[in-house]
There are 2 protein chains.
Amino acid sequence: MRMTVTIKDVAKAANVAPSTVSRVIANSPRISERTKEIVRGAMKELGYHPNFNARSLANKSTNTIGIVMPNSANKTFQNPFFPEVIRGISSKAHQVEYGLYLSTGQSEDEIFEEVQHMVQGKRVDGIILLYSRVDDRVMNYLYEQKFPFTVIGRPYDVRKREITYVNNDNYKASKTVTEYLLLLGHKNIAFIGGNLDFVVTVDHMEGYRKALYNAGIELKDDYIVFHEELQEGGQEAVIDLMSLSEPPTAMIVADDIMTFGVMRMLSEMEMRVPDDVSIISFNNVMISELSSPPMTTVDIHIYNLGYEACNLLIDLIHHPDTGAKQVLIPHKMIKRQTTQKIIGKISSSQ
Amino acid sequence: MRMTVTIKDVAKAANVAPSTVSRVIANSPRISERTKEIVRGAMKELGYHPNFNARSLANKSTNTIGIVMPNSANKTFQNPFFPEVIRGISSKAHQVEYGLYLSTGQSEDEIFEEVQHMVQGKRVDGIILLYSRVDDRVMNYLYEQKFPFTVIGRPYDVRKREITYVNNDNYKASKTVTEYLLLLGHKNIAFIGGNLDFVVTVDHMEGYRKALYNAGIELKDDYIVFHEELQEGGQEAVIDLMSLSEPPTAMIVADDIMTFGVMRMLSEMEMRVPDDVSIISFNNVMISELSSPPMTTVDIHIYNLGYEACNLLIDLIHHPDTGAKQVLIPHKMIKRQTTQKIIGKISSSQ
DNA sequence: GTGAAAGCGCTAACAA
DNA sequence: TTGTTAGCGCTTTCAC
């Protein structure tokens, strides 16, 4: 294999000093156009490419950002949500010529250790957390280290204003969606949430409660279920809910993929959607429109979440001393065909 | 912010030479347990973490592998296939303490340029290509550079044996699936393939042709359609196919996600699956079992594809001079409920 | 506008 | 078993 060509080789070939070559790479204005051309010529001729690690070492900056995903041991990760956020992140990162480094840990401990390595080993300049957990160890660590990071989702605790994040107004979205169902005449509305450790689940819950409260409808514990697993979760939830003496006529589901499970189980039980049960869920991932019937869901603009998170992070890296920022990505309810007025149905009480 | 603690600081604190500390990090057997302990103590005390870039520079190895995805501009990337391969890759990578670096390019040109940077800039030790395209520029480049890389899918051309890859026997899978449909009595079998630039599509096609040929059934061009887009693609394909004077009674679909589109459109046309049309597709991504009815599909063991690709790559990096290897991941048809015997010509019974 | 030289933090010969 | 020292390839003062 041919030897690597370094800055020195180029310098020799162009008859200049290594430092000059370095300046040409950085396109320093203090170098004359003439020598720039000569040097560039030599670089081309020799097939020179700057060594990334050498630059990073001298520079103390890597031009790469770390992406930390929730523990991929469970199936959470299979959610098309992730490719889509990453697509958003990628897009911004590519614009500013930053690279992406991915966490590989499968358990919480592994991830934590990995993040420490990224940070202390100076492997990345900043980190994006693709999730927000209640009292998350990784987030706390990053915060204490004052390492640049942004979160997709909102921090649960009081440091809200000291942490840079991008989020949807999940509380509001959930509230609206509940109100919508209420307007359609539903009174027995179930809530199928994700893992309660995630802040988004908490927010969804609160929105749901508030809407029911405002409408003067009593909260039924039986109508509220949480499930971690996306596929089985949805299915189990349906079994539980439909076994109740007064089964719900509408369901709010935390995640589109879960909705597939919900609809699947419902159809197995020969319940029709939306005739027997109305459903609204969240996210609007690509395949959401491909359910039969296509699902009504809240588009949270996943791509934008990723893009903006990256944008904020880049800012933070360049200007570490400006305060933390928070960005809210607007959501939008996409009405498709899993919701319907409750008219004929006599099964409702009160 | 506190100064970074380096190997020298540790050396001083432990009263040894920097090189000794370095050897302790590498856990060299030539260092006595006693000094190892002392040094480790000092490391802990000072909160030492090795600088990744410095190591890489001195080492000429980065312990990270690059993942190159197809251009994420189009929706291909949203396929849950990708999180799942990456999960497989992650898993192996984490075992051997390798990091993952992700391509961010959106177009073919951008990706090509990026790969060059990764390779020439020594940013990664090896690369995994998550797709195999006919006559792919990136693959050709890597091949010429003799840079360690593995492909998920098979190279199209004659260099088959000189390139390390992991693949399914897509030809065979497609042939089997076609034969199965034939056995169920179907004669009008359509094929809905992906982008013909991808080798997998070619292989699927060939398997389908071969099975029909063996059965003495003439190939109808009208029954063969290709679509790039997963969602719209499936739907458009159905429109075309069902408009034929003799519409197919069975369909082989390149991808589970596409099948969702296919089923969606079919249900819109009030065609029932499997009563009116049987469907088999490929991949068995997580949500495949959540279609209504759950789809029959070929499980290609996506996770294993990723895991094995990473495994091969690590091997290649450590032993660049052993020849190229090829690994075939077995597939398995998962019979669910979208296939059925064709009994009466008129969709009947039940 | 350009060059010389001192690092960035670590590894690996070569010595001892 | 451990220390000395010369790099790895680049950036960046400080001179000129």
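Considering only side-chain N and O atoms, B:Thr6 lies nowhere under 4.0 angstrom from the phosphate OP1 or OP2 of C:dC8.
Ionic pairing of A:Arg87 and A:Glu84 is present here: one or more N-O contacts between side-chain nitrogen and carboxylate oxygen are shorter than 4.0 angstrom.
Across the protein-nucleic acid pair, B:Glu37 atom CD and D:dT1 atom C1' stand 16 Å apart, rounded to whole Å. The distance between atom CG of B:Asn27 and atom P of C:dA12, rounded to the nearest whole Å, is 14 Å. As a whole-Å value, the separation of A:Lys8 NZ from D:dG7 C1' is 9 Å. For the pair A:Met43 CE and D:dC10 P, the interatomic distance rounds to 11 Å; values are reported in whole Å. Distance, B:Ile25 CD1 to C:dG9 C1': 10 Å, rounded to whole Å. Separating the CZ atom of A:Arg30 from the C1' atom of D:dC16 is a distance of 12 Å, rounded to the nearest angstrom. Here C:dT2 presents its C1' atom at 12 Å from CD1 of A:Ile38, a figure rounded to the nearest Å. The nearest whole Å value for the distance from the CD1 atom in B:Ile7 to the P atom in C:dG7 is 18 Å.
The two residues B:Pro155 and B:Ile163 come nearest to each other via the heavy atoms CG-CG2, 3.7 Å. Across all their heavy atoms, A:Asn53 and A:Asn51 have their closest contact at N-OD1, 2.7 Å.
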**Request:** Apply the test side chain to side chain donor-acceptor pair (under 3.5 Å) to residues B:Gln95 and B:Tyr307: give CA-CA distance (whole Å), side-chain angles for both, the deciding distance (0.1 Å), then the verdict.
**Result:** CA-CA 11 Å; B:Gln95 268 180 40; B:Tyr307 186 92; 2.9 Å; yes
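A side chain to side chain donor-acceptor pair (under 3.5 Å) with A:Lys325 holds for exactly one of A:Asp315, A:Asn311, A:Thr164; it is A:Asp315. Under the side-chain contact (heavy atoms from CB on, under 4.5 Å) rule, B:Ile65 has a single partner from B:Val96, B:Leu100, B:Ile127, B:Val124, which is B:Leu100.
At a non-hydrogen distance threshold of 4.0 Å, B:Leu57, B:Ala58, B:Lys60 from residues 51-63 of chain B come into contact with DNA chain D. Annotation: proximity of residues 14-23 of chain A to DNA chain C (heavy atom, distance under 4.0 Å) is found for A:Asn15, A:Val16, A:Ala17, A:Ser19, A:Thr20, A:Arg23, numbered in ascending order.
The side chain to side chain contact (heavy atoms under 4.5 Å, CB included) test applied to B:Arg23 returns B:Ser19, B:Thr20, B:Ser28, B:Ile31, not counting sequence neighbours. B:Arg161 is linked by a salt bridge (charged side-chain N to carboxylate O under 4.0 Å, His left out) to nothing, counting only residues two or more places apart in sequence or in another chain. For the salt bridge (charged side-chain N to carboxylate O under 4.0 Å, His left out) test, residues two or more places apart in sequence or in another chain that qualify with B:Lys36 are B:Glu33.
Over its length, the helix from C:dG1-D:dC16 to C:dA16-D:dT1 turns its helix axis by 30°, as judged from the five terminal pairs at each end, rounded to 10°.
Around the NE2 atom of A:His94, the shell of radius 6.0 Å holds more than 12 heavy atoms that belong to other residues, nucleotides or ligands. B:Tyr143 OH: more than 12 foreign heavy atoms inside a 6.0 Å radius.
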